[in-house]
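Report on the following structure.
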Amino acid sequence: MNRRFSAPAWRSVAVSATAMALALSAGAARAQAAPSADADPAGATPAEDIVVTGFRASLDAALSVKRAETSIVDVIKAEDIAAFPDTNLAESLQRIPGVTIDRDAGEGRQISVRGLGPEFTRVRLNGIEALATTGGTDSSGGANRSRGFDFNVFASELFSSITVRKSASADVEEGSLGATVDLQTARPFDYDDFAFAVGGNMVWNDLSKDLTPRASVLLSKTFMDGKLGVLVSGAYSKRKLFEEGFSTVRYDNGASSGGFCSPTGVTPIVPATGATCGAAATGTPRLPNTPGNVAAYQAASSASNFHPRLPRYGRLTHDQQRIGLTGAIQFEPTDGTKITADILYADLKSTRQEDFLQAISFSRTLAQGGKSQTSVLATEYDANGGLVYGRYNGVDIRSESRFDELRTKFLQGTILWEQKLTDRLELAVLGGKSSSRFRNPVQTTTTLDVANVNGYSIDFSENDRLPDISYPFDVTANNGSGLGLITSPSGQITGSEIRIRPQGASNTFDTVRMDLKWDLAPEEFSLKIGGAYKKYGFDTWEYRRVNQSDTITALPAGTTLADVTKLLTGFGRNMDLGPNTPTSWLIPDLKALATAYDIYCNCLKSGAAGGPGDYTLSSITNGNARGNNRSVQEEDTSFYFQMDFQKELFGMPLRGNVGMRYVKTDQTSTGYQATGGGTEVTVKQSYEDWLPSANLSLAVQPNFYVRLAAANVMARPSLGNLSPGGSINTTGNLTITSGNPYLQPFRATTFDASFEYYFEKGGMIGLGLFYKDIGTYVQSLRTNVPFNQTGLPMSLLPSNFTGDEIFQVTTPINTEGGPLKGFEINWQQPFTFLPGKWSNFGTLFAYTRVYSKIDYVTSPTNSAIITEDLIGLSPESWSGTFYYDGKKFDARVSANYRQSFLTRVPGQNNNDVEGKNNTLNVDFKIGYNITEQLEITFEGTNLTDEFNSQFIGRDRNSPVVYHHTGRQLMFGARFRY
């Protein structure tokens with residue numbers, strides 16, 4: 001192999017036709033296959049040594065790979081050894097046209113490509129498919145039990161390149177409707193002889209006021225005259241931040257959950273209990289029959305008016321530690337043989353404390369001590385039915401605290417053997433295994449409560465995202481005068497809870513692949529044939545208390561409320577809170593409560609089995625936990641052939657490929673149904689797909705390319721939808737979920753066109769057009785029905801339930817889908833036309849517009865549909881970077897915009913849709929080279945302190961989550977040799 005770097009090696013990239021070929025062979029895009037015929041494209045720039053440095057070098061190298069490809073791809077390259085241009089891989093990807101990201105705790109977690117969400121994007125690490133999963137907040141999807149890849153598992157410093165493949169080809173495995181993303185870690189043959197880099201940062205967050213470290217190191221060396229190379233790298237980081245704001249756990253209409261308590265004399269009487277709102281034990285009298293009281297009740301009871309279900313302010317404290325390690329050995333015993341072994345390890349360990357002060361009555365039925373005990377003193381709604389102001393009697397208030405311990409361990413090993421059998425015949429064999437093991441061994445929620453307080457108010461009139469909330473008691477008192485432990489609930493008073501829900505999920509891939517390339521006519525025609533076998537395994541589990549109401553006994557003798565509580569303080573920094581909203585409140589002390597009650601004993605502490613003193617955990621036999629005990633096993637066998645060609649068309653160089661891929665999927669799904677306390681059910685199904693594809697690249701002019709592509713593609717159904725079992729949740733949100741193991745995959749026909757003009761070195765402007773006809777779609781159908789109409793046995797419910805409670809029932813079905821179309825604009829411009837140091841400036845800009853409408857079924861009993869945007873699709877997105885890249889000094893500022901998108905259709909709780917509002921994130925980086933080996937850096941992310949703004953209701957745009965995590969500043973240094 002010919003490896004050549006212009007001095008100094010750590011700051012330069014030699015750009016030539018040869019370098020393009022090397023970039024392709026070393027990059028992730030072809031790591032699993034024989035060398036590409038695209039490596040020396042017709043019309044490429046003649047070989048020359050041109051030295052560029054820093055950020056601009058990474059852009060040049062990325063464009064070289066993009067230009068050399070026949071397929072439609074976008075690439076990001078590390079600007080230096082162990083120096084990926086962003087602190088998070090997902091945040092790097094959002095600079096690519098058509099790629100948008102979703103964040104969790106202020107950090108990029110998952111991506112969407114051209115309007116298609118994370119489950120439609122395949123990710124390959126070092127050439128084989130992998131899946132990394134973490135545990136996020138409930139509002140960000142919770143524990144990842146899907147096919148979507150969580151990019152926040154990995155430190156960006158471990159990677160040298162990202163390739164996003166937007167068009168399909170037969171030699172790239174199936175499984176994507178959006179794109180295939182190739183992540184490549186560094187290898188020793190990427191560098192000349194010896195390379196070393198070490199760097200570190202201190203990271204400060206302006207909301208939590210915490211300072212945390214981040215560090216990385218890389219060491220690479222070749223031996224035996226460059227025939228043997230060894231590389232190791234590592235990265236470590238800590239993050240500690242607050243996530244603060246307002247949330248509602250969705251909105252519901254006035255008639256929901258049995259309605260509000262009606263004033264005296266109003267017909268019908270709600271609830272039908274006489275003089276009080278609910279059972280006599282609640283002691284909440286009905287309001288007198290005055291015109292004002294009746295008008296307020298009628299407005300609040302209207303099915304067209306909506307209120308928050310659990311209006312609450314909260315703080316989430318995230319404490320995260322991430323470790324990543326890579327190793328690579330490359331060996332070239334002869335000119336025609338190369339063996340590469342890669343290993344990648346990641347360990348993401350974190351805790352999350354969630355503290356909320358909330359009103360719980362508005363989402364609950366009378367049997368739960370809820371809405372029908374609440375009287376409406378005054379209220380106001382806007383023209384779209386959203387609550388503007390409300391004041392109420394008989395409201396249950398809760399201080400809820402949840403603590404999670406979370407850990408993801410990822411391990412992958414691969415071996416690639418590339419062999420040149422003859423001058424015209426090349427073989428590549430790749431084998432590997434990856435595993436992602438997510439564990440949430442501690443997920444414990446504790447609550448303090450006060451029942452039926454009078455005079456609670458919530459006011460959105462000054463701020464529709466951060467209401468002014470007034471509590472008619474001292475929320476900081478620990479003497480029992482307000483929040484406390486309700487340990488003996490009577491009548492319809494909700495008791496305090498201790499919820500214990502350990503859980504986990506694992507994903508494994510075993511892959512073997514062989515590719516053979518035969519040059520039928522050198523530099524004109526080549527034939528590729530190959531096959532792959534992939535075995536994928538997924539399983540998930542959960543435990544919960546056998547006491548499905550999660551209630552507790554009185555505190556042990558000698559223990560007081562003050563002993564098991566503490567005060568949350570300093571809430572609301574950098575937020576425009578109303579004058580009545582508290583900035584401190586009493587919260588449970590989990591450690592003290594765990595000690596007082598011995599909650600982790602997994603035993604019956606006192607009383608009857610299943611009662612408030614029972615802390616025994618159960619899993620399959622527990623109706624609330626059963627649904628998260630399931631597994632999916634898939635064996636995928638595939639074969640392909642592909643013809644690559646290079647010819648001239650009317651004197652213009654033409655490259656292309658045409659091929660066919662066949663894949664058979666054998667799927668086994670296991671889950672548990674409710675009969676017999678949990679009956680295991682296993683369902684097997686198989687399906688086959690023939691996937692033709694074609695890619696053409698025509699050099700209309702030496703620097704102007706037209707690319708066309710067409711293919712049939714498929715993506716397998718979501719893992720959570722394939723279970724033959726189901727689950728029921730009888731605490732908090734009342735839900736029933738069942739799977740469908742007979743779902744067919746998503747299938748689509750795709751057409752792409754790309755027009756690319758490389759007007760100068762490092763400069764390019766491109767237009768991409770795309771159309772996808774989604775012929776098979778999978779939709780979650782949700783309905784709200786009383787439990788006694790579901791056909792399920794009453795034995796699944798706690799003893800205080802009547803069967804009239806409204807449950808949200810969810811099941812997945814196949815639907816017809818619909819078309820998706822759009823365009824992308826990509827512009828990269830170094831300002832080399834400017835004089836002197838002004839020529840070091842440059843810019844990048846990408847804009848995407850996507851359109852798609854899908855028909856969503858709304859009910860299993862009628863033909864009504866909702867026509868809405870595809871879930872996860874942002875109609876508009878753009879990114880822009882303005883940079884200066886000099887010999888001593890470099891700087892850049894970036895902005896990324898994503899338009900609002902939908903997350904559920906139909907929405908829950910009588911709403912049409914749910915989604916997330918627009919986001920605009922601004923980041924910057926400044927670097928100064930003290931010497932050729934030493935650089936200091938200063939970086940800032942989320943400079944505008946962007947809020948995570950989630951909504952429900954298309955016209956109302958009512959707040960579901962409105963949280964922020966603060967700005968992040970980093971100061972550090974890097975040394976390399």
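Atoms considered below: every heavy atom in the structure, side chains included; atoms not considered: hydrogens, waters and symmetry mates.
- Using a 4.0 Å cut-off between charged side-chain N and carboxylate O, Asp396 and Arg398 make no salt bridge.
- Geometric assessment of Arg312 against the ring of Phe356 yields a positive cation-pi assignment under the 6.0 Å and 45° thresholds.
- Once rounded to the nearest 0.5 Å, the distance linking CD1 of Ile486 with CG of Asp449 reads 5.0 Å.
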Practice prompt. Tell me, with the steps shown, if Ile806 and Leu734 meet side-chain contact (heavy atoms from CB on, under 4.5 Å).
Written response: CA-CA 7 Å; Ile806 304 297; Leu734 304 182; over 6 Å; no
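- By the 4.0 Å N-to-carboxylate-O rule, Glu805 lies too far from Arg364 to be salt-bridged with it.
- The aromatic ring centres of His307 and Tyr392 sit 6.0 Å or more apart.
- Listed here is the closest heavy atom pair of Val395 and Ala359: CG1-CB, 3.8 Å.
- Cation-pi geometry between Arg309 and Phe362 is not satisfied (NZ or CZ under 6.0 Å from the ring centre, within 45° of the ring normal).
- At least one side-chain heavy atom of His318 sits less than 4.5 Å from a side-chain heavy atom of Thr137.
- Remark: Arg545 is positioned above the aromatic ring of Tyr615, its terminal NZ or CZ atom under 6.0 angstrom from the ring centre and at most 45 degrees off the axis.
- In this structure, Tyr313 has its ring center under 6.0 Å from that of Phe571.
- Salt bridge Glu119/Arg147: absent, no basic N to carboxylate O contact under 4.0 Å.
- Of all non-hydrogen atoms in Glu542 and Ser619, the two that sit nearest each other are O-OG, 2.7 Å.
- For Tyr471 and Tyr456, the ring centers are positioned less than 6.0 Å apart.
- In this structure, Arg109 pairs ionically with Asp150, as a charged nitrogen and a carboxylate oxygen lie closer than 4.0 Å.
- Salt bridge annotation for Arg352-Glu354: present, with a cationic side-chain nitrogen under 4.0 angstrom from a carboxylate oxygen.
- A salt bridge (charged side-chain N to carboxylate O under 4.0 Å, His left out) with Asp347 is found for exactly one of Arg407, Arg437, Arg322, Arg439, namely Arg407.
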Practice prompt. Apply the test side-chain contact (heavy atoms from CB on, under 4.5 Å) to residues Leu310 and Thr248: give CA-CA distance (whole Å), side-chain angles for both, the deciding distance (0.1 Å), then the verdict.
Written response: CA-CA 5 Å; Leu310 278 87; Thr248 63; over 6 Å; no
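- Between Asn440 and Phe438, the closest side-chain pair of non-hydrogen atoms falls below 4.5 Å.
- The backbone N or O of Gly725 lies less than 3.5 Å from a partner atom in the side chain of Ser723, making a donor-acceptor pair.
- With respect to Asp252 and Lys371, no salt bridge is recorded, no charged nitrogen being found less than 4.0 Å from a carboxylate O.
- In the model, Glu497 has no side-chain atom that pairs as donor or acceptor with a side-chain atom of Thr446 under 3.5 Å.
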Item to complete: Mind running side-chain contact (heavy atoms from CB on, under 4.5 Å) on Arg145 and Leu719 for me, showing each step along the way?
Response: CA-CA 7 Å; Arg145 295 183 175 92; Leu719 299 170; 5.9 Å; no
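- Shortest non-hydrogen contact noted between Thr508 and Ser435 is CG2-CB, 4.0 Å.
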Item to complete: In sequence, state the C-alpha distance, the side-chain angles, and the governing distance for Val632 and Gln667, and then conclude on side-chain contact (heavy atoms from CB on, under 4.5 Å).
Response: CA-CA 7 Å; Val632 176; Gln667 188 179 87; 4.3 Å; yes
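- Looking at Asp598 and Lys605, a side-chain N of the basic residue comes within less than 4.0 Å of a carboxylate O on the acidic one, giving a salt bridge.
- The shortest distance between side-chain heavy atoms of Gln110 and Asn144 falls below 4.5 Å.
- Note on Lys916 versus Asp102: salt bridge recorded, some NZ/NE/NH1/NH2 to OD/OE distance being below 4.0 Å.
- Taking the side chain as every heavy atom from C-beta outward, Thr487 and Leu555 never approach each other to under 4.5 Å.
- Side-chain contact check for Asn628 and Thr540: no donor-acceptor pair (N or O, by modelled atom type) lies under 3.5 Å.
- Side-chain contact of Asp804 with Asn788: a donor-acceptor pair under 3.5 Å is present, judged by distance alone.
- Residues Glu244 and His964 form a side-chain contact, since some pair of their non-hydrogen atoms from C-beta on lies under 4.5 Å apart.
- Taking the six-membered ring wherever Trp is involved, the centroid distance between the rings of Tyr536 and Phe538 does not fall below 6.0 Å.
- Taking the side chain as every heavy atom from C-beta outward, Arg250 and Asn911 never approach each other to under 4.5 Å.
- Side-chain N/O atoms of Gln908 and Glu914 include a donor and acceptor closer than 3.5 Å.
- By the 4.5 Å heavy-atom criterion applied to side chains, Ile599 and Thr444 are counted as neighbours.
- Seen from the ring of Tyr345, Lys409 does not count as a face-on cation partner, given the 6.0 Å and 45° thresholds.
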